[in-house]
A.B. asks: 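One structure, pasted below without further comment.
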Amino acid sequence: MNDRATVPTLENSAFFMPFSMNRQFKKAPRLIARAEGMHYYTPEGRKLIDGTSGLWCVNAGHCREKIVKAVQKQVAELDFAPAFQMGHPLAFEFADRIAALAPGDLKRVFFTNSGSESVDTALKLALAYHRARGEGHRMRLIGRERGYHGVNFGGTAVGGVVGNRKIFGALVTGVDHIRHTHDLEKNAFSRGQPKHGAELADDLERLCALHDASTIAAVIVEPVACSGGVLVPPVGYLERLRAICDKHGILLIFDEVITAWGRLGKPFGAQHFGVLPDLIATAKGITNGTVPMGAVFMRERIYQAFMTGPENAIEMPHGYTYSSHPLACAAGLATMQVYEEEGLLTRAAELWPYWEEQAHALKGLPNVIDIRNIGLIAAIELAPRAGAPGMRGLDAHTKAFEKGAYIRVAGDIIALAPPLIIRKEEIDQLFEIVRGVLKTTN
Ligand SMILES: Cc1ncc(COP(=O)(O)O)c(C=O)c1O
């Protein structure tokens with residue numbers, strides 16, 4: 001017998017919630033029962049504006065009819081198909097559909113089921129690529145402080161959010177990190193990319209000198225580090241990182257699990273910044289969050305490095321039972337159709353100036369030490385309470401829920417990234433609620 005009561009209640013439920021304060025939540029739950037368009041609804045029918053697209057994934061808004069219908073039809077027609085040595089037509093169609101949107105020659109696609117899996121897949125592709133070309137000595141992987149790359153072992157190791165790493169032992173060996181780019185002294189209240197900090201990319205040169213560049217396989221960064229607190233890259237920073245990678249034969253991986261699918265006003269963040277990585281990890285918005293899916297995009301020369309040797313050999317001994325799952329492909333194809341019909345992959349660029357104005361209008365409210373924005377993302381950084389970091393952010397989150405908005409916080413940083421269908425009146429509503437929250441959060 002365990003010590004759960006015989007009659008399960010929410011408070012003693014078996015559900016071990018991910019990334020949650022289980023005991024606190026179960027005493028005072030915040031439940032969502034339904035969703036439509038820009039809104040969530042609680043079981044009592046209270047309406048909440050969705051300020052963070054679920055978990056940065058519902059870019060076209062909730063329960064979109066086309067996507068719902070496509071998934072319903074697919075589940076009745078082909079519920080599952082093995083992807084190892086077998087295939088189903090939608091997988092090929094969907095890969096070609098999204099490859100057409102990808103930047104440069106990143107036109108080859110490996111399917112996964114999540115951002116974490118995309119990250120680990122990209123890291124493994126990088127290692128295997130070097131080995132395939134006779135540079136198997138490139139075994140090191142470089143991440144960045146405050147980076148978030150999901151929760152699998154590779155992603156946790158290259159990730160740089162201390163709280164997500166420290167209890168999991170030594171993780172993966174051969175990993176190091178460059179410095180993060182957050183500098184409030186120089187860049188507070190920046191609009192778009194901050195002016196100062198391109199030289200922080202040179203930290204990669206330090207690691208090249210320390211480990212010898214010939215041992216480094218890849219560097220992985222989020223173009224905008226979102227989960228770690230919305231850290232927008234300084235002007236020139238990503239370009240410099242690209243140049244250093246080129247100089248030393250190191251692959252550059254962009255983790256675009258959040259920045260892909262229109263968040264910055266282009267299909268991919270790489271297109272917004274004009275910097276071409278070697279691999280891109282995506283997930284989330286690829287199916288509008290409806291069915292779990294991820295995809296890794298790679299440049300042609302990476303794909304071709306695997307297409308050597310005998311044709312009766314498996315080129316990449318990697319993949320998931322649910323890689324290119326039929327429901328995910330159906331959801332993804334319908335999602336791309338909605339994105340295209342409604343111009344959602346570029347809509348953030350149109351809304352950006354208005355969004356930026358409304359976000360920065362919160363300057364001067366209690367405890368606000370920074371506001372930053374890019375595309376349809378904004379962060380409001382609050383001063384931490386003495387001796388209780390994160391508590392002010394948590395209060396803001398729960399107060400927003402009471403006042404009619406769902407928002408995410410990373411510690412004391414409020415992160416906003418609504419569905420790309422948001423209208424200006426809804427932007428006003430969202431910031432009005434956040435204003436009310438900030439006024440009453442001590
Ligand atoms: C940049 C980035 N990489 C990876 C992940 C992990 O994705 P998932 O939770 O789908 O595994 C996330 C999730 O927020 C993310 O923001």
Side-chain angles (χ1 to χ4, degrees), residues 17-20 50-59 110-126 141-161 163-165 168 171-172 175 177 180-181 218-233 238 252-264 268-270 272-273 277 279-297 320 322-323 325 328 331-332 335 374-377 379 406-411 413 415-417:
M17 298 170 66
F19 272 121
S20 298
D50 181 357
T52 319
S53 306
L55 284 176
W56 312 80
C57 49
V58 186
N59 290 4
F110 198 103
F111 285 120
T112 72
N113 308 290
S114 66
S116 300
E117 289 181 1
S118 289
V119 165
D120 276 43
T121 298
L123 297 174
K124 286 174 84 174
L125 281 165
L141 300 167
I142 308 294
R144 186 170 59 182
E145 294 168 349
R146 295 188 69 163
Y148 181 70
H149 301 293
V151 295
N152 290 347
F153 262 90
T156 308
V158 292
V161 177
N164 295 347
R165 298 165 47 82
F168 301 115
L171 297 167
V172 174
V175 169
H177 295 77
H180 67 72
T181 61
V219 174
I220 182 166
V221 294
E222 303 153 272
V224 179
C226 293
S227 304
V230 183
L231 313 183
V232 182
L238 292 173
L252 179 61
I253 305 171
F254 275 2
D255 181 349
E256 294 222 35
V257 167
I258 286 177
T259 52
W261 316 118
R263 185 53 57 193
L264 304 185
F268 290 79
H272 169 72
F273 292 113
L279 294 131
I280 299 181
T282 67
K284 295 193 189 263
I286 193 170
T287 58
N288 202 36
T290 50
V291 181
M293 187 179 224
V296 179
F297 295 75
Y320 304 93
Y322 303 120
S323 284
H325 193 285
T335 296
I374 186 163
L376 209 59
I377 305 175
Y406 159 72
I407 59 171
R408 279 287 293 163
V409 290
I413 301 164
L416 301 174

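Computed from a prediction, not measured in an experiment: that's the story for all the values here. Only this structure's heavy atoms are used, side chains among them; waters, hydrogens and symmetry mates stay out. In each ligand, atom 1 is the first atom listed, and ligand 1 is the first ligand listed.
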A.B. asks: Heavy-atom distances under 4.0 Å decide this one: backbone, side chain, both or neither, for E222 against ligand 1?
C.D. replies: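 The part of E222 near ligand 1 is the side chain, not the backbone.
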A.B. asks: Okay, side chain of Y406, backbone of G54: is any donor-acceptor separation there less than 3.5 Å?
C.D. replies: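 Confirmed, Y406 side chain pairs with G54 backbone.
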A.B. asks: Check S116 against ligand 1 and report side chain, backbone, both or neither, counting heavy atoms closer than 4.0 Å.
C.D. replies: both
A.B. asks: Do side-chain atoms of E256 reach the backbone of G269 as a donor and acceptor pair under 3.5 angstrom?
C.D. replies: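 Yes, E256 side chain to G269 backbone: donor-acceptor pair under 3.5 Å.
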A.B. asks: Could you tell me whether the side chain of H149 and the main chain of S116 form a donor-acceptor pair under 3.5 Å?
C.D. replies: no
A.B. asks: Using a strict 4.0 Å cut-off to heavy atoms of D255, name the atoms of ligand 1 that fall inside it.
C.D. replies: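 Result: 1 (C), 2 (C), 3 (N), 4 (C).
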A.B. asks: Counting from 1, what ligand 1 atoms have a heavy atom of S114 closer than 4.0 Å?
C.D. replies: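 So the answer, numbered in order with elements, is 10 (O), 11 (O).
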A.B. asks: Let me see the working for L123 and I253 under side chain to side chain contact (heavy atoms under 4.5 Å, CB included), right down to the final yes or no.
C.D. replies: CA-CA 8 Å; L123 297 174; I253 305 171; 3.9 Å; yes
A.B. asks: Using a 4.0 Å cutoff against the non-hydrogen atoms of I258, which atoms of ligand 1 qualify?
C.D. replies: 16 (O)
A.B. asks: Return the residue, atom name and 0.1 Å-rounded distance of the protein heavy atom closest to atom 10 (O) of ligand 1.
C.D. replies: G115 N, 2.9 Å
A.B. asks: Out of the candidates L141, V175, L279, D255, only one should pair with I220 under the side chain to side chain contact (heavy atoms under 4.5 Å, CB included) rule; please name it.
C.D. replies: D255
A.B. asks: Where's the contact between Y148 and ligand 1, heavy-atom distance under 4.0 Å: side chain, backbone, both or neither?
C.D. replies: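 For Y148, backbone and side-chain atoms both sit under 4.0 Å from ligand 1.
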A.B. asks: Quick one: which ligand 1 atoms are inside 4.0 Å of a heavy atom on S227?
C.D. replies: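 Counting from 1, the qualifying ligand atoms are 14 (O), 16 (O).
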A.B. asks: Between the side chains of T287 and T335, is a donor N or O closer than 3.5 angstrom to an acceptor N or O?
C.D. replies: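 There is no such pair (donor and acceptor under 3.5 Å, judged by atom type) between the side chains of T287 and T335.
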A.B. asks: Could you label the plane-to-plane angle of the Y148 and F19 rings as parallel, tilted or perpendicular, counting under 30° as parallel and over 60° as perpendicular?
C.D. replies: perpendicular
A.B. asks: For atom 13 (C) of ligand 1, which of the options K284, E256, M293, E117 provides the nearest non-hydrogen atom?
C.D. replies: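 Shortest heavy-atom distance from atom 13 (C) of ligand 1: K284.
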